[in-house]
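Treat the numbers as computed from the prediction; the structure is a model and nothing was measured.
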Amino acid sequence: MPELLAWLALLGVYDAPIDCNSCEQWNRPQEPFHVYGNTWYVGTGGLGAVLIDSGDGLLLLDGGLPQSAPVIAANIKAAGFDPADIVFIGLSHAHYDHAGGLAALQRLSGAGVYAGTDAAESLRKGAVLPSDPQFGEGRTGQTYPAVPDAVGVNDGWEFSLGDVTIRAIATPGHTLGGTSWTWKSCEAGNCLDIVYVDSLTAVSWPGYRYSDGLGGILGETLARIADLDCDIMLSTHDSSFGLHDKLAVGREAFVDGDACRGIAANTRTYLDKRLETERP
């Protein structure tokens, strides 16, 4: 697979892979599956990507690594859809493991790409901003394929296509520009609120202090996530929403009205421990 991706990159079909310690694990294969109603999981085994069928075009959330783009495109086809029908691509946050595949997926579809204001700036540059907690000179993943026409959106911004209206929820803290997305999905007359939750963990490059930076903002974000209407929660990494454990049970396991409150509580504990370690 790496050799094939490198060959395709030379042809300009996809972008060159990024090499990182977790990349192989993150990009492992995962069969696409129907989540609920109009919503499908089309990501890899470690990185989230969600497809929404509006009846008048497709919406995609996140693009994984550069080497995830062909995996996601193949999963979309395996689910019975055409990547060329993607009209909207939304981003959670502008780190290489979620934004790296967007440029290639946009080339395949011609879709518009939308992200929180700071994340869109990062996408247009194809580089992590110095304000990012994970910014570090010379670090792998500081640059990734740029999306020069990425559109910045504010909290509460909505995009309607067919019978779907998706709403951006500003959820900064893991990084500035972090955005979660929510929409309704109906099946057999029963409509549920689905939330694609951005990464919420307080992780950073050495030297960054959350107590001097995004700690307070992240705390506010966690409270907001806990208060959302949230019948099904999906997220950016498999471990964030128990992807594989739920698949072992069946797709009914994804319906959990406490999931957003649970991820907020768990990450609040992680944030509190992080802030405690930063005390003098």
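Asp62 places a side-chain heavy atom less than 4.5 Å from the side chain of Leu91. Between Leu60 and Val42 the shortest side-chain heavy-atom distance falls below 4.5 Å. Looking at heavy atoms from C-beta onward, Val113 lies in side-chain contact with Leu123 at the 4.5 angstrom threshold. The closest side-chain heavy-atom distance from Thr179 to Ile169 is not below 4.5 Å. Side chains of Leu61 and Trp183 form a contact here, defined as non-hydrogen atoms less than 4.5 Å apart. Here the side chains of Ile72 and Asn75 are not in contact, with every heavy-atom distance at 4.5 Å or above. Two residues are said to be in side-chain contact when any heavy atoms from C-beta on lie closer than 4.5 Å; His174 and Thr236 fail this criterion. With contacts defined as side-chain heavy-atom distances shorter than 4.5 Å, the pair Tyr196/Thr39 does not qualify.
Of the inter-residue distances, the one linking Trp181 atom CH2 with Phe88 atom CZ reads 4.0 Å to the nearest 0.5 angstrom. With rounding to the nearest 0.5 Å, the separation of OG1 in Thr182 from CD in Glu158 is 10.0 Å. Distance CD1/Ile194 to CG/Asp229: 13.0 Å, rounded to 0.5 Å. Here the CG atom belonging to Leu51 is positioned 5.0 Å from the CG atom belonging to Leu58, to the nearest 0.5 angstrom. Here OG of Ser131 is found 5.0 Å from CG of Leu129. Values are rounded to the nearest 0.5 Å. Atom CG of residue Leu47 and atom CG of residue Asp238 lie 8.0 Å apart, to the nearest 0.5 angstrom.
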Going through the distances and angles, do Phe159 and Leu59 end up as a side-chain contact (heavy atoms from CB on, under 4.5 Å)? CA-CA 10 Å; Phe159 181 92; Leu59 299 86; 4.1 Å; yes
Which is it for Ser109 and Ile89 under the side-chain contact (heavy atoms from CB on, under 4.5 Å) test, yes or no, and what are the steps along the way? CA-CA 10 Å; Ser109 63; Ile89 301 176; 4.3 Å; yes
Could you check Tyr144 against His95 for side-chain contact (heavy atoms from CB on, under 4.5 Å), going step by step and ending with a plain yes or no? CA-CA 8 Å; Tyr144 49 81; His95 287 163; over 6 Å; no
Steps toward side-chain contact (heavy atoms from CB on, under 4.5 Å) verdict (Thr269, Asp272): CA-CA 5 Å; Thr269 298; Asp272 288 345; 5.7 Å; no
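Closest non-hydrogen pair, Ala127 versus Ser122, comes out as O-OG, 2.6 Å. Nearest heavy atoms, Thr44 versus Gln30: C-CB, 3.4 Å. Between Ser180 and Ile225, the shortest heavy-atom distance links the atoms OG-CD1, 3.9 Å. Counting all heavy atoms, side chain and backbone alike, Ala73 lies closest to Tyr14 at CB-OH, 3.8 Å. Residues Val203 and Tyr210 come closest through the heavy atom pair O-OH, 3.5 Å. The minimum heavy-atom distance between Asp53 and Gly55, with the atom names listed, is OD1-N, 3.0 Å.
Of the listed residues (Val197, Leu200, Thr221), just one forms a side-chain contact (heavy atoms from CB on, under 4.5 Å) with Thr267, and that residue is Leu200.
Ring pair Phe254/Tyr36: centre-to-centre distance not below 6.0 Å.
Ring planes of Phe81 and Trp40: perpendicular class, angle over 60° (limits at 30 and 60°).
For the residue pair Asn38/Ser185, the side-chain donor-acceptor check at 3.5 Å is satisfied. Residues His98 and Asp198 have side chains that never bring a donor and an acceptor to within less than 3.5 angstrom of each other. Remark: the Asp132 side chain and the Thr175 side chain contain an N/O donor-acceptor pair separated by less than 3.5 Å.
Side chain of Gln142 to main chain of Val128: no donor-acceptor pair is present (N/O by atom type, distance under 3.5 Å, no hydrogens or angles).
Both Ile263 and Leu247 are members of a single hydrophobic cluster when ILVMFWY side chains are connected at heavy-atom separations under 4.5 Å. Hydrophobic clustering (side-chain heavy atoms under 4.5 Å, transitive across Ile, Leu, Val, Met, Phe, Trp, Tyr) groups Tyr41 together with Ile166. When hydrophobic clusters are built by joining Ile, Leu, Val, Met, Phe, Trp and Tyr residues whose side-chain heavy atoms come closer than 4.5 Å, directly or via intermediates, Leu228 is grouped together with Val255. Leu243 is connected to Ile52 through a chain of hydrophobic side-chain contacts under 4.5 Å among Ile, Leu, Val, Met, Phe, Trp and Tyr, so both are in one cluster.
Contact check on Glu278 versus Arg274 returns a salt bridge, with a Lys/Arg side-chain nitrogen under 4.0 Å from an Asp/Glu carboxylate oxygen. Under a 4.0 Å N-O distance rule, the pair Asp193/Arg167 does not qualify as a salt bridge. Note on Arg124 versus Glu121: no salt bridge recorded, every NZ/NE/NH1/NH2 to OD/OE distance being 4.0 Å or above.
For Glu187, the CD atom counts as densely surrounded, since its 6.0 Å shell holds more than 12 non-hydrogen atoms of other residues, nucleotides or ligands. The 12-atom threshold is not exceeded at NZ of Lys125, counting heavy atoms of other residues, nucleotides or ligands nearer than 6.0 Å. Heavy atoms from other residues, nucleotides or ligands lying under 6.0 Å from CG of Asn21 number 12 at most.
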